Participant: 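Sharing a structure, written as structure tokens. Questions coming.
Any value given below was found using the heavy atoms of this structure, including those in side chains, with hydrogens, waters and symmetry copies removed. The model shown is predicted, which means the values in this text are computed figures rather than measured ones.
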Amino acid sequence: MDQSIKKKYNYWQWRTLIILMIGYALFYFVRKNFSIAMPALKSELGLDETQLGIFLTLNGIVYGISRFINGFISDRAKSKKFIMGLGLLLSAVVNFVIGLSPQMNGLFHYMDAGGKATVGLVYFIGSLWLINGFTQGMGYPPCGSLMAHWIKPSELATKQSIWNSSHSIGAGLVAVLIGTFILGRFGYEAWQWCFFIPAILAAAGSFLLFFGLKNSPSDVGLPSPESLDERIVGKPVEEKAETPEHAHALYKVLLKKMVFRNPMIWILAVSNFCVYVIRFTILDWGSMFLTDYKQLPIATAANVVAASEIVGGIIGTLLAGWITDKFFKSKAHHTCLIFMVMATFCFFAFWKMPQGNTGWAIFFLIMSSFFIYGPQALTGIAASNQATKRAAASANGILGIFGYASTTVSGLAFGMIAKSFGWNTVFAVAIAFGVLGCLVFASMWKAPADGYSKAEKIIEEFDSKV
């Protein structure tokens with residue numbers, strides 16, 4: 001590769017990666033703020049675990065559907081950055097309105113005589129959180145598509161894992177912001193600022209996405225990344241000038257054969273369900289079960305969740321990506337199995353740790369997060385490589401539906417179980433899903449690293465018929 005092209009390519013690749021990291025971290029500021037604020041919503045508004053669990057479940061289901069829909073849109077859209085930027089801006093608006101909801105009491109009578117939420121307020125906040133689920137689903141698909149367009153398949157596990165740390169950066173920082181600096185300092189009565197401040201930051205971040213990103217290397221005169229990848233077997237699939245009709249027809253063929261009829265995508269989707277049960281048990285309920293079950297103060301509980309995300313999630317994600325490309329020749333599903341086994345074991349150790357051993361319990365919870373973020377990142381990377389960049393967002397849309405359908409378990413079901421049977425039963429069910437995830441990952445051990453050779457044959461066959 002010409003050195004000037006290499007320098008320009010590296011600049012734009014890393015610029016895209018960093019902006020996507022900042023943008024997606026801010027999506028978490030206006031999504032996971034709700035989970036950290038739940039003890040305050042319970043205390044100040046009188047919302048119980050079942051109601052909060054319903055919010056989490058419905059938000060997750062709508063989010064998964066939105067990711068699925070926006071996956072198809074992102075694969076076909078010319079301006080992927082617009083989809084992502086608009087989603088972040090709309091999420092900011094929704095969060096700001098939730099923060100304003102008590103001020104609407106005079107108009108809608110949202111509070112009862114005791115200052116607690118009426119059914120009207122429950123429906124109002126729940127409806128807004130449903131809308132937020134859809135706008136949040138506009139974030140991941142453009143990211144997956146943009147990275148598949150900017151990064152070589154043989155480097156995707158390493159570099160997308162770097163991007164994936166934005167999940168943990170966003171979730172960890174918002175946990176510190178809300179748990180330590182807002183609720184920890186000003187008390188539960190300051191819960192509205194848990195929505196105002198993240199909304200302001202997210203709105204500012206949306207403009208970075210609008211004006212800082214480019215949709216593909218061709219927009220700045222650069223070649224496609226897979227044409228530069230030595231690891232792809234056979235001749236790389238080159239970018240060709242295509243008519244809109246040809247591109248649309250080819251996309252439909254690739255969508256059918258590389259996504260819907262690709263067993264690897266469905267295996268990854270089922271495993272993603274199990275991964276997200278463990279992940280959301282820690283992330284969504286961590287502040288609740290650490291205060292209720294381990295009797296920690298809210299500031300300490302929020303800091304533990306933050307440490308699980310920032311220390312565990314970031315390092316675990318980066319290590320998983322590096323191991324995949326370095327030792328497993330980009331076969332992400334190999335790393336997923338190993339990390340899933342360790343995540344399940346560590347969560348079991350957290351559960352069974354005696355009440356007096358708070359330090360060890362916290363350690364194992366952080367380590368469970370450390371390991372679960374490996375498969376959380378790599379299932380999406382594996383799907384992108386299996387479906388190729390032409391259908392990466394669509395494949396990840398299917399994974400998104402399965403991943404966030406897990407909130408039927410980690411949200412509503414766990415809320416009801418915690419209220420009726422206690423946290424021990426919640427932990428037991430979560431671990432059962434962890435074991436199931438290990439078995440599903442093991443079933444695809446012999447799968448290839450990517451689907452580019454398969455896609456090349458499909459494209460050649462398609463072109464021979466037109």
Side-chain angles (χ1 to χ4, degrees), residues 17 140 143-144 147-148 151-168 229 231-233 262-279 282 308-309 311-348 364 366-388 392 395-396 398-400 402-403 406 433-452:
L17 195 62
Y140 186 95
C143 283
M147 282 183 286
I151 301 171
K152 296 177 183 179
S154 63
E155 297 177 351
L156 192 60
T158 300
K159 291 183 178 176
Q160 191 165 334
S161 292
I162 294 173
W163 167 82
N164 200 79
S165 65
S166 62
H167 295 68
S168 300
D229 198 333
R231 186 176 289 179
I232 295 178
V233 179
N262 188 344
M264 295 301 101
I265 300 300
W266 295 103
I267 291 173
L268 288 167
V270 173
S271 64
N272 206 40
F273 184 100
C274 301
V275 168
Y276 270 71
V277 169
I278 298 284
R279 182 191 172 212
I282 298 172
S308 296
E309 292 298 308
V311 177
I314 294 174
I315 299 174
T317 298
L318 296 176
L319 181 63
W322 179 77
I323 287 174
T324 298
D325 284 337
K326 183 71 174 179
F327 297 105
F328 292 131
K329 298 181 179 179
S330 299
K331 293 182 178 180
H333 44 287
H334 287 186
T335 316
C336 285
L337 174 59
I338 296 168
F339 274 56
M340 191 69 182
V341 169
M342 294 304 300
T344 305
F345 168 77
C346 289
F347 196 73
F348 178 81
F364 279 116
I366 292 173
M367 291 306 297
S368 184
S369 183
F370 173 93
F371 286 112
I372 203 62
Y373 266 99
Q376 185 274 329
L378 294 175
T379 50
I381 294 166
S384 293
N385 273 335
Q386 293 293 334
T388 76
N396 274 285
I398 292 176
L399 266 65
F402 276 75
S406 70
F433 276 98
V435 173
L436 177 61
C438 295
L439 297 175
V440 177
F441 277 127
S443 71
M444 63 177 299
W445 183 264
K446 295 183 179 180
D450 62 62
Y452 279 91

Participant: Less than 3.5 Å apart, any donor N or O on the side chain of Asn385 or Ser330 sitting next to an acceptor on the other?
Facilitator: no
Participant: What heavy-atom pair brings Cys438 and Thr344 nearest, and what distance separates the two atoms?
Facilitator: SG-OG1, 4.2 Å
Participant: Identify the two heavy atoms, one from Ile267 and one from Met444, that lie closest to each other, and give their separation to 0.1 Å.
Facilitator: CG2-SD, 3.6 Å
Participant: Are any non-hydrogen side-chain atoms of Ile162 and Thr317 less than 4.5 angstrom apart?
Facilitator: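 No - every pair of side-chain heavy atoms lies 4.5 Å or more apart.
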Participant: Could you list all the salt bridge (Lys or Arg N to Asp or Glu O under 4.0 Å) pairs where at least one residue sits in residues 370-380, not counting sequence neighbours?
Facilitator: none
Participant: Does the side chain of Ile323 reach to within under 4.5 Å of the side chain of Phe339, using non-hydrogen atoms?
Facilitator: yes
Participant: Pairs in or reaching into residues 332-342: which pass side chain to side chain donor-acceptor pair (under 3.5 Å), with residues at least two apart or in two chains?
Facilitator: Thr324-Thr335
Participant: If I compare all heavy atoms of Phe273 with all of Phe402, which pair ends up nearest, and what's the gap?
Facilitator: CD1-O, 3.1 Å
Participant: If you define the side chain from C-beta out and look only at heavy atoms, does anything of Asp450 sit under 4.5 Å from Thr388?
Facilitator: no
Participant: How far apart are the closest heavy atoms of Ser368 and Ala343, and which atoms are they?
Facilitator: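 In terms of heavy atoms, the two residues are closest at OG-O, 3.0 Å.
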Participant: Output the distance between atom CH2 (Trp445) and atom CG (Leu337), rounded to the nearest 0.5 Å.
Facilitator: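 Those atoms lie 6.0 Å apart.
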Participant: Starting at CE of Met340, measure out to CZ of Phe345 and round the result to the nearest 0.5 Å.
Facilitator: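 Between atom CE of Met340 and atom CZ of Phe345 there are 15.0 Å.
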Participant: Tell me if the aromatic rings of Tyr140 and Trp163 count as close, with their centers under 6.0 Å from one another.
Facilitator: yes
Participant: Would you sort out whether Leu436 and Val270 count as a side-chain contact (heavy atoms from CB on, under 4.5 Å), showing the intermediate values?
Facilitator: CA-CA 10 Å; Leu436 177 61; Val270 173; 5.8 Å; no
Participant: Could you report the tightest heavy-atom contact between Ala269 and Ile398, atom names first, then the distance?
Facilitator: CB-CG2, 4.0 Å
Participant: Mind listing the closest non-hydrogen atom pair of Ala383 and Ala395 along with its distance?
Facilitator: O-CB, 4.0 Å
Participant: Is a side-chain donor or acceptor of Ser271 paired with a backbone partner of Phe441 at a separation under 3.5 angstrom?
Facilitator: no
Participant: Is there a donor-acceptor pair closer than 3.5 Å between any side-chain N or O of Ser369 and the backbone N or O of Ser308?
Facilitator: yes
Participant: Below 4.5 Å, heavy atoms only, C-beta onward: do Phe328 and Ile338 meet side chain to side chain?
Facilitator: yes
Participant: Please list every donor-acceptor pair under 3.5 Å in which a side-chain atom of residues 370-381 meets a protein atom from a residue at least two apart or in another chain.
Facilitator:
from: Tyr373; atom 1: OH; to: Arg279; atom 2: NE; distance (Å): 3.1
from: Tyr373; atom 1: OH; to: Arg279; atom 2: NH2; distance (Å): 3.3
from: Tyr373; atom 1: OH; to: Glu309; atom 2: OE1; distance (Å): 2.5
from: Tyr373; atom 1: OH; to: Glu309; atom 2: OE2; distance (Å): 3.2
from: Gln376; atom 1: OE1; to: Asn164; atom 2: ND2; distance (Å): 2.7
from: Gln376; atom 1: NE2; to: His167; atom 2: NE2; distance (Å): 3.4
from: Gln376; atom 1: NE2; to: Tyr276; atom 2: OH; distance (Å): 3.0
from: Thr379; atom 1: OG1; to: Asn272; atom 2: OD1; distance (Å): 3.0
from: Thr379; atom 1: OG1; to: Pro375; atom 2: O; distance (Å): 3.0

